[in-house]
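Shown next, in structure tokens, is the structure this report addresses.
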Amino acid sequence: MDLTPKQIVHELNKYIIGQNEAKKAVAIALRNRYRRSRLSPELQDEITPKNIIMRGPTGVGKTEIARRLAKLVKAPFLKVEATKYTEVGYVGRDVESMVRDLAECAIRLVKEEKTAEVRFKATAVAERKIAKVLAEVKKNERGETAKEVFEQNLVDDIHAGKYDKTVIEIEVEDVPKPLELSPGMGAAIDIGSILGGMGMHKKKKRKVTVKEAINLLLAEEADKLIDNDAVNAEAIRRAENDGIIFIDEIDKIAGKGNHGADVSREGVQRDILPIVEGCTVMTKYGPIKTDYILFIAAGAFHVSKVEDLIPELQGRFPIQVDLQSLTKQDFINILTQPQNAITTQYAALLAVDNIDLHFTSDAIEKIAEISEDVNSTSEDIGARRLHTVMERLLEDISYNAGGNDYPVIQVDVNAKYVEEHLENIIKNRDLKKYVL
């Protein structure tokens with residue numbers, strides 16, 4: 001998808017409020033990937049992504065910007081936390097596992113696309129198999145011989161959903177779960193793929209509804225129709241050229257010193273360095289070069305600074321952007337503008353119990369004012385503060401909702417209602433009950 005930077009920012013604005021500097025930086029980085037793809041192979045090899053560090057408090061949109069960016073262009077995306085990794089020699093996850101996890105994301109992404117292409121054909125085969133099982137059941141029940149015409153009628157009925165809740169017994173492939181190795185020992189061993197490659201497919205019988213059976217058999221039939229070698233090759237290509245790895249809490253491994261945890265912190269930085277610089281990591285799908293993967297690091301940097309990272313790692317993140325704390329107007333926009341606005345979510349949830357929930361403009365303003373005030377006087381947790389405030393505000397309504405058997409009740413939340421139900425927050429700002 002060859003979107004311009006302005007178009008990318010426009011798309012991000014549908015889900016994320018403010019933070020224009022960060023949006024602009026990631027939009028340019030994404031567009032540069034498209035520009036690189038239009039160059040000669042010789043020049044492509046010379047151009048590497050300009051990695052980004054985002055600085056800002058929690059809950060202001062760092063992760064969401066990266067996630068939405070990847071979703072926009074259907075790029076393999078992985079979010080990891082820097083604190084999960086330990087220096088080589090310690091027990092913990094090795095940094096190369098982030099590349100192997102990205103490969104899994106790419107495989108899943110490509111497989112979903114290929115499955116969609118063969119879905120119609122695979123569904124037809126799955127429905128035919130289920131029709132045979134149902135025909136056999138009905139033959140045993142009524143002592144009749146299953147006819148082809150009868151089976152075809154069953155296929156039509158299955159397709160129409162008439163038998164969705166009917167329980168049948170089918171044979172499905174018994175795929176062993178991947179064998180997890182000890183931390184730091186590398187990727188898990190997929191016993192299922194090994195046995196499958198040797199032609200050792202075991203079957204097991206399962207009692208499921210027809211609807212579940214269709215999904216199980218659809219996955220099996222689609223797998224037979226898909227060229228797994230082509231999937232692997234395409235997934236590796238996408239991981240290498242389109243992959244985005246978001247390294248969160250990078251500030252937690254920053255810190256200079258030669259004592260205690262600082263030694264391990266610097267060790268983790270040095271282990272991450274070759275991955276970001278560009279190296280080849282072996283995965284079960286083949287080797288992946290990390291040279292052209294886009295890395296986006298993020299952290300609050302309350303205690304440490306970007307300058308506390310080792311110079312070599314700083315040099316690999318040439319673009320640094322600051323994300324700002326949310327203002328009252330930002331909170332108002334978050335409550336009203338996005339497609340998945342939190343007020344819309346709560347209205348939809350309570351509509352299940354026949355509560356017709358509406359927020360007046362002065363209520364929205366009051367909620368935003370309280371959220372900004374609490375963030376500024378206690379811990380700044382960004383937009384997550386809205387979940388705290390909204391849960392307290394709607395606690396009585398949620399608790400007293402009668403259920404979907406009761407008549408529809410309209411509830412208008414205005415500024416007075418907000419003040420009455422958030423009185424304790426306004427006076428004491430005691431949110432410990434709701435902050436985990």
Flag the pair Glu312 and Arg316 as a salt bridge only when some basic side-chain nitrogen lies within less than 4.0 angstrom of an acidic carboxylate oxygen.
-> no
Between CZ of Phe359 and OG1 of Thr344, what distance do you get to the nearest 0.5 Å?
-> 9.0 Å
Keeping the roles fixed (side chain from Asn241, backbone from Arg237), state whether a donor-acceptor pair exists under 3.5 Å.
-> yes
Taking the side chain as C-beta and beyond, is there a heavy-atom pair between Ile17 and Gln337 under 4.5 Å?
-> yes
State the OH-CG distance between Tyr163 and Leu154, to the nearest 0.5 angstrom.
-> 5.0 Å
Examine the side chains of His358 and Asp356 and answer whether a donor and an acceptor come within less than 3.5 Å of each other.
-> yes
State the CD-CD1 distance between Gln269 and Ile250, to the nearest 0.5 angstrom.
-> 7.0 Å
Hits for side chain to side chain donor-acceptor pair (under 3.5 Å) against Glu113, two or more places apart or cross-chain, chain-then-number order -> Arg238
Leu326 to Ala383 - nearest heavy-atom pair and separation | CD1-N, 3.3 Å
Report the distance from atom CD1 of Ile247 to atom CG of Leu313, rounding to the nearest 0.5 Å.
-> 7.5 Å
Taking every heavy atom of Leu102 against every heavy atom of Gly243, the minimum-distance pair comes out as CD2-CA, 4.2 Å
Could you walk me through whether His10 and Leu3 pass the side chain to side chain contact (heavy atoms under 4.5 Å, CB included) test, one step at a time?
-> CA-CA 10 Å; His10 176 72; Leu3 295 172; over 6 Å; no
Any chance you could lay out the salt bridge (Lys or Arg N to Asp or Glu O under 4.0 Å) test for Glu112 and Arg108, step after step, and finish with the verdict?
-> CA-CA 6 Å; Glu112 283 173 3; Arg108 191 163 55 249; 5.0 Å; no
Would you call Asp248-Lys62 a salt bridge at under 4.0 Å N-O?
-> no
Are any non-hydrogen side-chain atoms of Asn51 and Leu294 less than 4.5 angstrom apart?
-> yes
Do Thr123 side-chain atoms and Arg119 backbone N/O form a donor-acceptor pair below 3.5 Å?
-> yes
Do Glu266 and Arg270 meet the salt-bridge criterion of a basic N to acidic O distance under 4.0 Å?
-> yes
Thr290 side chain to Ile293 main-chain N or O, any donor-acceptor pair under 3.5 Å?
-> no
Gap separating the OG1 atom of Thr388 from the CG atom of Leu393, nearest 0.5 angstrom | 12.5 Å
In chain order, what residues pass the salt bridge (Lys or Arg N to Asp or Glu O under 4.0 Å) check against Glu221, with sequence neighbours excluded?
-> Lys129, Lys224
Are Arg36 and Tyr292 in a cation-pi contact, defined as NZ or CZ under 6.0 Å from the six-membered ring centre and within 45° of the axis?
-> yes
Donor-acceptor under 3.5 Å (Ser304 side chain, Asp251 main chain) = yes
Verify side-chain hydrogen bond (donor to acceptor under 3.5 Å, both in side chains) between Asp380 and Ser325, making sure each step is shown before the conclusion.
-> CA-CA 8 Å; Asp380 186 354; Ser325 293; 2.8 Å; yes
Min side-chain heavy-atom separation Arg67-Tyr15 under 4.5 Å | no
Sorted by chain and residue number, the side chain to side chain donor-acceptor pair (under 3.5 Å) partners of Arg55 (sequence neighbours excluded) come out as Asp322
Taking all atoms of both residues into account, what is the closest heavy-atom pair of Glu169 and Lys205, and its distance?
-> OE1-CD, 3.8 Å
Examine distances only and state if a side-chain atom of Lys23 and a backbone atom of Gly18 form a donor-acceptor pair shorter than 3.5 Å.
-> yes
Is a side-chain N or O of Asp353 found less than 3.5 angstrom from the main chain of Leu350, in a donor-acceptor match?
-> no
Derivation and outcome, side chain to side chain contact (heavy atoms under 4.5 Å, CB included), residues Thr343 and Thr336 = CA-CA 7 Å; Thr343 48; Thr336 56; 5.6 Å; no
Are any side-chain N or O atoms of Gln44 and backbone N or O atoms of Leu39, one a donor and one an acceptor, separated by less than 3.5 Å?
-> yes
Okay, side chain of Glu234, backbone of Val231: is any donor-acceptor separation there less than 3.5 Å?
-> no
Using atom types as modelled and distance alone, determine if a side-chain donor or acceptor of Thr280 lies under 3.5 Å from a backbone N or O of Ile288.
-> no
Gap separating the CG atom of Leu12 from the NZ atom of Lys24, nearest 0.5 angstrom = 13.5 Å
Charged N-O contact under 4.0 Å between Lys84 and Glu81 = yes
What heavy-atom pair brings Ala368 and Lys328 nearest, and what distance separates the two atoms?
-> CB-O, 3.5 Å
Backbone of Val155 reached by a side-chain donor or acceptor of Glu127 within 3.5 Å = no
Heavy-atom closest contact (Ile214 atom, Ala126 atom, distance) | O-CB, 4.2 Å
